[in-house]
Amino acid sequence: METTEERGFEFFDHTADVGIRAYGRDLKELFRNASKGLLEIFADTSAIPREAEVEIEVEAPGLEELLVAWLEELIYQGETRGILFGGVEVWDVGENRVKGRAWGAPLEKSRELVRGEAKAVTYHMLQVRKEGEFWSSQVVVDV
Amino acid sequence: MKIPTRGWFWARTLCWSAKGLPLLLHGPIGYKIRLVECGWLRSRTVSEMSYLQYVKKINEFVWEIPAGVREGMRVSGIIFANRRLLEAADRDRALEQVVNVSFLPGIVRASLAMPDIHWGYGFPIGGVAAIDVQEGVVSPGGVGYDISCGVRLVKTNLDRSEVAPRMEELLANLSATVPKGLGTRGRLVLSRKEIEEIMKKGVPALLAKGVGWEEDLQFIEEEGAYPGADPSKVSERAFQRGKDQVGTLGSGNHFLEIQEVEQVYSDKAKTLGLFPGQIVVMIHSGSRGMGHQICTDYIKRMGEKLAKYHIDLPDRQLVCAPVDSPEGRDYMAAMACASNFALANREAMTQWVREGFERVFHAGAKKLGMELLYDISHNVAKLETHEVNGKSVKLLVHRKGATRAFPGSRSETPQPYREVGQPVIIPGDMGRYSYVLVGTEESLKMSFGSTCHGAGRTMSRSAAKKSIKGNELKERLQGAGILVDAATLSGLAEEAPEAYKDVSEIVEICEGAGLSERVARARPLAVLKG
C-alpha cells in the first residue's frame, strides 16, 4: 500500500462525510494531489484509462476558495459529461486562477470501477497553507 | 464564566499518537493542534473543547447549553438526548456546532438538536433553528446540500407470506427499473420546459406527464408543490446537473427497501392503514445534483455578501443572508425548486415501484393497495407560524437532518390524519428496523414541531470501510433474511448497520421527551442500495 508521502494526500475522518488532506511542494502539486483524493472517492483511479479530456479553468477570490472551486468543477464536469476522471494536470495556479485538464473514461464503460460519489465541496475546516517548504490543504466533501 | 471565541483553551484531551497509541494530554488546545501540524498526533481525535461542563440538565432527555457560555450566542442550545448520546455528541464536536448555530441573527428561543445529532458542517446533523422572518436570516447550510432529502412510505395490502416467495424476483425487478448509483439517468424523457414545470409546480407537473397518482398529493408535504418556486433563480449549472435525474435513487445513504411491519404500538396504526405483517416500501432520496449545486451556488453568493449585512459567524459554512434580501429571496425561490424536484423524484420512483409490483403479482397497484402513507423531507427550511411568548410569529424553521412532527391540530397535517397527528417516517439501518411516528402537541411547544430524522452515524465512512467488507456484509444480511442489491460493495460497507446508532434508542428518547410518538416499526426484507 502506498504511504501518504507517495500518494500526496490522505483521507481524514468526518462522521458523515469525507475529509481530504493533501500536500505538495508547490501549488500545482497540491492541487493535483487534492484532486487525486477527490477522484479516489469516486473510483480506483489507477484503473481508469485516458479516453476523454476536459480543460478546466476557474477563478476565485482567494486560494482556499480557488481549491474549492477547482474541486467543485471536477464534480460538475464529471457529472454533466458522464466521465469518470482518473487524474488531472494542473498547468498554472495563481492566487485567483487555476488552469488545467482532467482526463478519464466514459462512466458507462467503467461502471465496475465506481466506489462512491462526492457530491459537493464544503467550506467546513477548509485550509490551504504553506509550512516551510510544503503546501498543505484540508477540505471536507459531502458524499 | 465566558469562554473567548478564539484563543487557547486549556483542556484535557484523549489523543492518539501518530503511531496509534492513546495519550492523555493536559494543556492548552493550541499546543495539541501544533502537535498535529507537526505530525506527532492524529488530528481527528483532538476535540476543540468540551461543552459538557457547561451543560445544564433540564430533565432526563433535555439538556441546555446556556446562552452566556460563549460570547456571541444569541440564544441557548437545547439538546434532546440521554446522557450517553449527549457525551457522544460532545466528543463528535456536534455540541460546538449547536453553539455556533445560536449565533445566527433572528434565531428564536434556542438552537435545537434532536437525539440523532452528529457532526455536520456548519449546522450539526439533527439541528433545528427557527428564525424570525422579519429580522432574521436564511442559511443554505441549515437546509443542507441535498435539499428536501426525505423519505416516503408506500403501503400494500400484501402480507409477508404472499411476498416472501417472490422477493428475489421483486428485488430484481425494482433493481432493473429504479436507476441507482453514480451518474445514472432517469427513465423519463423530459424537455427543458417540462423540467422547469417540475421545479415550479412539483408533483402535479409530473402527474400531467402521466406519472404518479393524483390521490398521492394530499399525503405529500405542501401537497406536492412548495410555494414560491422560481426556476430563474436556479443556475444553469444546477439545471444541467439535475436534468436527467428525475426518478433516480442516487448514491450515499439513499435506498429503497421492501419492509414488513413487525410491530404496531397503538390504534393509531389503523388510522394510518398499517397492520402487523404488512409489506410496505420505503424510499429515501433527495434533489440529486440539482439541490447540491443550488446549495453550492448560494453558499458562495451569500459568503461574498456577509460583510454587506454585517453578519459575523463562527463557522464559514453557516453563511446566510437576511430572509428579506435579494440573496435570501432568491435562495428561497431556488430552494423551493429543488424541493419540488425532490418530491417529483420520489413520486417517479414510486411509479416504478408500483409497476414492479404489478409485474410480479399480476395485479394493478391500486388493487394491491399501494397507497402513499406519507412523504416527508428532513433537509429543508419552511415558513411556519408558531407561538412565541404568547404571540403568533412567522418563522423560517430550518431542519437539517430533522423532521417536522406536527400534531393533528395543525392545518399542515393531512385531513385523514388529523385525529392522530402528522406521520413521521424514520429510516433506521438496513439490518435492523425503521419507524413510523406521529407528531405531538408537546413537540410544537418544545421543538417548533420537530423530531429526529434517523439513527445517526456512530462510525465514520472510512472507519466502516476499514472494518467491514461489502461482500461479507451482503452475505451476513442475506443470512438474516435480508436480500441486498447494491450499486457498489464499498458503498454498502459504508452504510453497514453497525455504522449507525440503534434507531430504537433515538425514537424512544423522542417519545420520552414528548417530540413524537411511536406508531409502528418495520424491518427490512430487501434493500436496493444507491
Side-chain angles (χ1 to χ4, degrees), chain A residues 4-5 10-21 23 41-44 60-62 64-65 68-69 71-73 75-84 106-108 110-127 129 131-132 136 138-143, chain B residues 37-38 42-45 92-94 97 118-122 125 141 144-146 181-185 237-238 240-245 250-253 288-289 291-293 295-296 299-300 303-304 315-319 401 456-463 465 487-491 494 530:
Chain A
T4 300
E5 286 78 24
E10 63 183 330
F11 293 121
F12 65 93
D13 274 357
H14 190 277
T15 314
D17 292 285
V18 179
I20 305 165
R21 202 170 281 131
Y23 309 90
I41 294 172
F42 284 92
D44 173 4
E64 290 180 345
E65 293 83 358
V68 170
L71 297 176
E72 268 170 5
E73 192 65 20
I75 292 175
Y76 175 75
Q77 293 294 342
E79 182 163 337
T80 53
R81 290 173 190 263
I83 301 174
L84 197 58
L107 173 63
E108 283 318 313
S110 346
R111 194 159 277 287
E112 74 284 359
L113 302 174
V114 172
R115 281 185 184 140
E117 182 177 9
K119 300 171 186 171
V121 185
T122 77
Y123 290 92
H124 176 61
M125 299 174 77
L126 175 64
Q127 244 177 38
R129 60 167 132 187
E131 298 255 347
S136 69
Q138 175 173 280
V139 68
V140 174
V141 298
D142 181 276
V143 297
Chain B
E37 286 162 359
C38 299
R42 285 197 193 165
S43 61
R44 63 172 178 267
T45 49
D92 204 20
R93 292 174 65 175
Q97 293 184 323
H118 57 276
W119 197 27
Y121 16 80
I125 316 288
Y145 282 93
D146 195 355
L182 172 72
T184 46
R185 284 161 197 255
R237 287 166 76 86
Q240 288 301 328
R241 281 183 72 177
K243 72 178 173 36
D244 297 322
Q245 296 178 332
S251 61
N253 60 359
R288 312 282 287 105
H292 281 81
Q293 191 61 41
C295 184
T296 296
I299 281 180
K300 193 169 158 201
E304 288 161 5
D315 182 339
R316 205 168 167 180
Q317 194 65 28
L318 286 173
V319 290
R457 291 191 77 93
T458 174
M459 202 189 268
S460 72
R461 289 178 181 278
S462 57
K465 269 196 292 196
T488 69
L489 284 173
S490 63
E494 288 180 12

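Naming convention: chains lettered A, B, ... in sequence-line order (proteins, then strands); numbering from 1 in each chain.
Judged by distance alone, the side chain of Arg241(B) and the main-chain N or O of Tyr76(A) form no donor-acceptor pair under 3.5 Å. Gln317(B) places a side-chain N or O within 3.5 Å of a backbone atom of Tyr123(A) that can act as its donor or acceptor partner.
Between atom NE2 of residue His14(A) and atom CZ of residue Arg93(B) there is a gap of 8.0 Å, rounded to the nearest 0.5 Å. Rounding to the nearest 0.5 Å places CG of Asp44(A) at 10.5 Å from OG of Ser490(B). Rounding to the nearest 0.5 Å gives a distance of 12.0 Å between CG of Leu113(A) and OG1 of Thr488(B). Ser460(B) OG to Phe11(A) CZ: the interatomic distance, rounded to the nearest 0.5 Å, is 12.0 Å.
Heavy atoms closer than 4.5 Å to chain B are found in the side chain of Val140(A), but not in its backbone. Heavy atoms closer than 4.5 Å to chain B are found in the side chain of Glu64(A), but not in its backbone. Neither the backbone nor the side chain of Val68(A) has a heavy atom closer than 4.5 Å to any heavy atom of chain B.
Salt bridge status for Glu65(A) with Arg316(B): present, with a side-chain N to carboxylate O gap under 4.0 Å.
Ranked by heavy-atom pairs under 4.5 Å with chain B, the list Met125(A), Lys119(A), Arg115(A), Arg111(A) is led by Lys119(A). Among the candidates Asp142(A), Thr80(A), Val114(A), Leu107(A), the residue making the largest number of heavy-atom pairs closer than 4.5 Å to chain B is Asp142(A). Between chain A and the residues Gly491(B), Gly303(B), Ser251(B), Ala463(B), the largest count of heavy-atom pairs under 4.5 Å involves Ser251(B).
Contact record, His292(B) with Ala120(A): CD2-CB, 4.0 Å, taken as the closest heavy-atom pair. Shown here for Tyr145(B) and Thr122(A), the closest heavy-atom pair between the two residues is OH-CA, 3.5 Å.
By the 30° and 60° cut-offs, the orientation of the rings of Trp119(B) relative to His124(A) is perpendicular.
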Begin with the C-alpha distance, continue with both residues' side-chain angles, and end with the deciding distance and a verdict on side chain to side chain donor-acceptor pair (under 3.5 Å) for Glu79(A) and Gln245(B).
CA-CA 11 Å; Glu79(A) 182 163 337; Gln245(B) 296 178 332; 2.9 Å; yes
Derivation and outcome, salt bridge (charged side-chain N to carboxylate O under 4.0 Å, His left out), residues Glu72(A) and Arg237(B)
CA-CA 11 Å; Glu72(A) 268 170 5; Arg237(B) 287 166 76 86; 5.8 Å; no
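Using a 4.5 Å heavy-atom cutoff, the side chains of Leu84(A) and Leu182(B) are in contact.
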